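The block underneath contains the structure these notes are about, expressed in C-alpha cells.
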Amino acid sequence: MTGTRESFDAAHGSPVCQAGRGPQNDLEPNDPALYERLADQWWEPRGPFVMLHWLAAARARLIPRGRPGAVLVDLGCGAGLLAPHVEGYHHIGVDFSQEALRQAREHGVHPVRGDVLAVPLPDECADVVVAGEILEHVHDLRGAVAEACRLLRPGGLLVLDTLADTALCRLVAIGIAERVAGLAPRGVHDPALFVDRGVLLEECARHGVRVALRGIRPSLTDLLAWSVRRGRPVRMVPTSTTAVLFQGAGRKNG
C-alpha cells in the first residue's frame, strides 16, 4: 500500500469552502500546497507553525514514557514537532510531504510517506497512535479514525487533538487565530472539515477505543508574554468546553 497524490488530497482536503483564500491568493482553504510553500519555517520559534509546537508539547503530556521496543505512529507528523517531547519509542511519522519527512528524520523520526486514509503499515503495529491536528484536514473522518484504530495493538493508546465543528470554533480558529492573531497560516483550515465530536467518539468506540475528550486553550498569561516577545513557549491548559480545541485519549480493548 502506498500513498498517492489523489489519496493525499482526499486525506488532507481538496477545496470545499470557496470563501477566503490562502496567504498566496491562489490557494483555497486547506490546500496542502500551503505546507510546501512554508516548509522552511516548520521549526521557526515564532513562525507560522508556532501553535503546532505548543500543541505538540501538550499532546506529549498524554503519552507515557515508552519501553524498549515500543512503537509510536505519528499520523500527519509534519516535520516531527512531537519528537522532542516523547521518549522511549521507535517513532514512525506518516506524512505525504517529502520535505516535512526529511526534517522529521533529522529529529529522530522514522519517515513513512503515505496518507492517513491508507497508512502503509500493518495492523496492530503500534503501542501508541497519535493523530495531532490532522482530523480537521480530512474529508473522510470515519476512514481516518478506522485507520488510526487499525494500527493500534490491543491495549494501545490513541491520542488526538483537533478542532470542533461549532460556530464558536470557526470564530476563534479562523476569525481570530488565522486572520487577527497570526497563530496559524491564513487559509490553513477549511471550516467545513471541522470535527463532529459525536461522530468522532462513535467511530472510535466502534473500533474498540473508548476516548475521553477535554478542551484545551493557550494560557492567557503565557500568550500575553509571548505576544510582547517575552517568556517561554505558551502552555496549553485545560478548559471547561470542548467546543473549540480539544484533546482525546483512550485505549483499545484488549
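A quick note: this is a predicted structure, and the numbers were derived from the prediction, not measured.
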Exercise for the section: Could you tell me which non-hydrogen atom of R170 sits nearest to which non-hydrogen atom of D165, and how far apart they are? Expected result: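 R170 and D165 have their closest heavy atoms at NH1-OD1, 3.1 Å.
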Practice task
Of all the heavy-atom pairs spanning D115 and A118, show the shortest one and how long it is.
Solution key: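 Heavy atoms of D115 and A118 come nearest at OD1-N, 2.9 Å.
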Problem - Reference residue I92; test side-chain contact (heavy atoms from CB on, under 4.5 Å); the match among L151, V71, V119, L72 - result: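 The single option meeting the side-chain contact (heavy atoms from CB on, under 4.5 Å) with I92 is V71.
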Handout entry: Candidates T241, L163, D161, L213 - the one meeting side-chain contact (heavy atoms from CB on, under 4.5 Å) with F246
Key =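 Passing option: L213.
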Practice task
Would you please classify the geometry between the W54 ring and the W226 ring as parallel, tilted or perpendicular, with 30° and 60° separating the classes?
Solution key: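 Because their plane-to-plane angle is over 60°, the rings of W226 and W54 count as perpendicular.
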Practice task
Evaluate the ring planes of H189 and H137, with Trp represented by its six-membered ring, and classify them as parallel (under 30°), tilted (30 to 60°) or perpendicular (over 60°).
Solution key: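 Parallel: the ring planes of H189 and H137 meet at under 30°.
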Practice task
Among residues two or more places apart or on two chains, list those pairs meeting side-chain hydrogen bond (donor to acceptor under 3.5 Å, both in side chains) that have a residue in residues 207-222.
Solution key: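 Those involving residues 207-222 are R214-Q247, S219-T221, D222-R235.
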Problem - CA sep, side-chain torsions, deciding dist, call: L62, L157, side-chain contact (heavy atoms from CB on, under 4.5 Å) - result: CA-CA 9 Å; L62 299 177; L157 177 67; 5.7 Å; no
Exercise for the section: With sequence neighbours left out, write down each residue that passes side chain to side chain donor-acceptor pair (under 3.5 Å) with T166, or none if nothing qualifies. Expected result: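 Per chain and number, T166 pairs via side chain to side chain donor-acceptor pair (under 3.5 Å) with no residue.
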Practice task
Give a yes or no on this: more than 12 heavy atoms of other residues, nucleotides or ligands lie within 6.0 Å of atom CZ of R153.
Solution key: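 Enclosed: over 12 neighbouring heavy atoms sit under 6.0 Å from CZ of R153.
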Exercise for the section: Take atom CZ of R46 as the centre, draw a 6.0 Å sphere, and report whether it contains more than 12 heavy atoms from other residues, nucleotides or ligands. Expected result: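 Yes, CZ of R46 has more than 12 neighbouring heavy atoms, counting only those of other groups under 6.0 Å.
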Taking [X] for its side chain and [Y] for its backbone only, find out whether a donor-acceptor pair lies under 3.5 Å.
{"X": "Q103", "Y": "A39", "value": "yes"}
{"X": "E203", "Y": "A146", "value": "no"}
{"X": "R251", "Y": "G155", "value": "yes"}

Practice task
Check whether any side-chain heavy atom of L101 lies under 4.5 Å from a side-chain heavy atom of S97, and answer yes or no.
Solution key: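 Heavy-atom side-chain distance check fails, nothing below 4.5 Å.
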Practice task
Determine whether E136 and L193 make a side-chain contact, defined as any pair of heavy atoms from C-beta on separated by less than 4.5 Å.
Solution key: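 Not touching, per the 4.5 Å side-chain cut-off.
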Listing, residues 84-91 side-chain donor-acceptor contacts under 3.5 Å, not counting sequence neighbours, or none:
| unit_1 | atom_1 | unit_2 | atom_2 | d |
| --- | --- | --- | --- | --- |
| E87 | OE1 | R65 | NH1 | 2.6 |
| Y89 | OH | P64 | O | 2.6 |
| H91 | NE2 | D74 | OD2 | 3.0 |

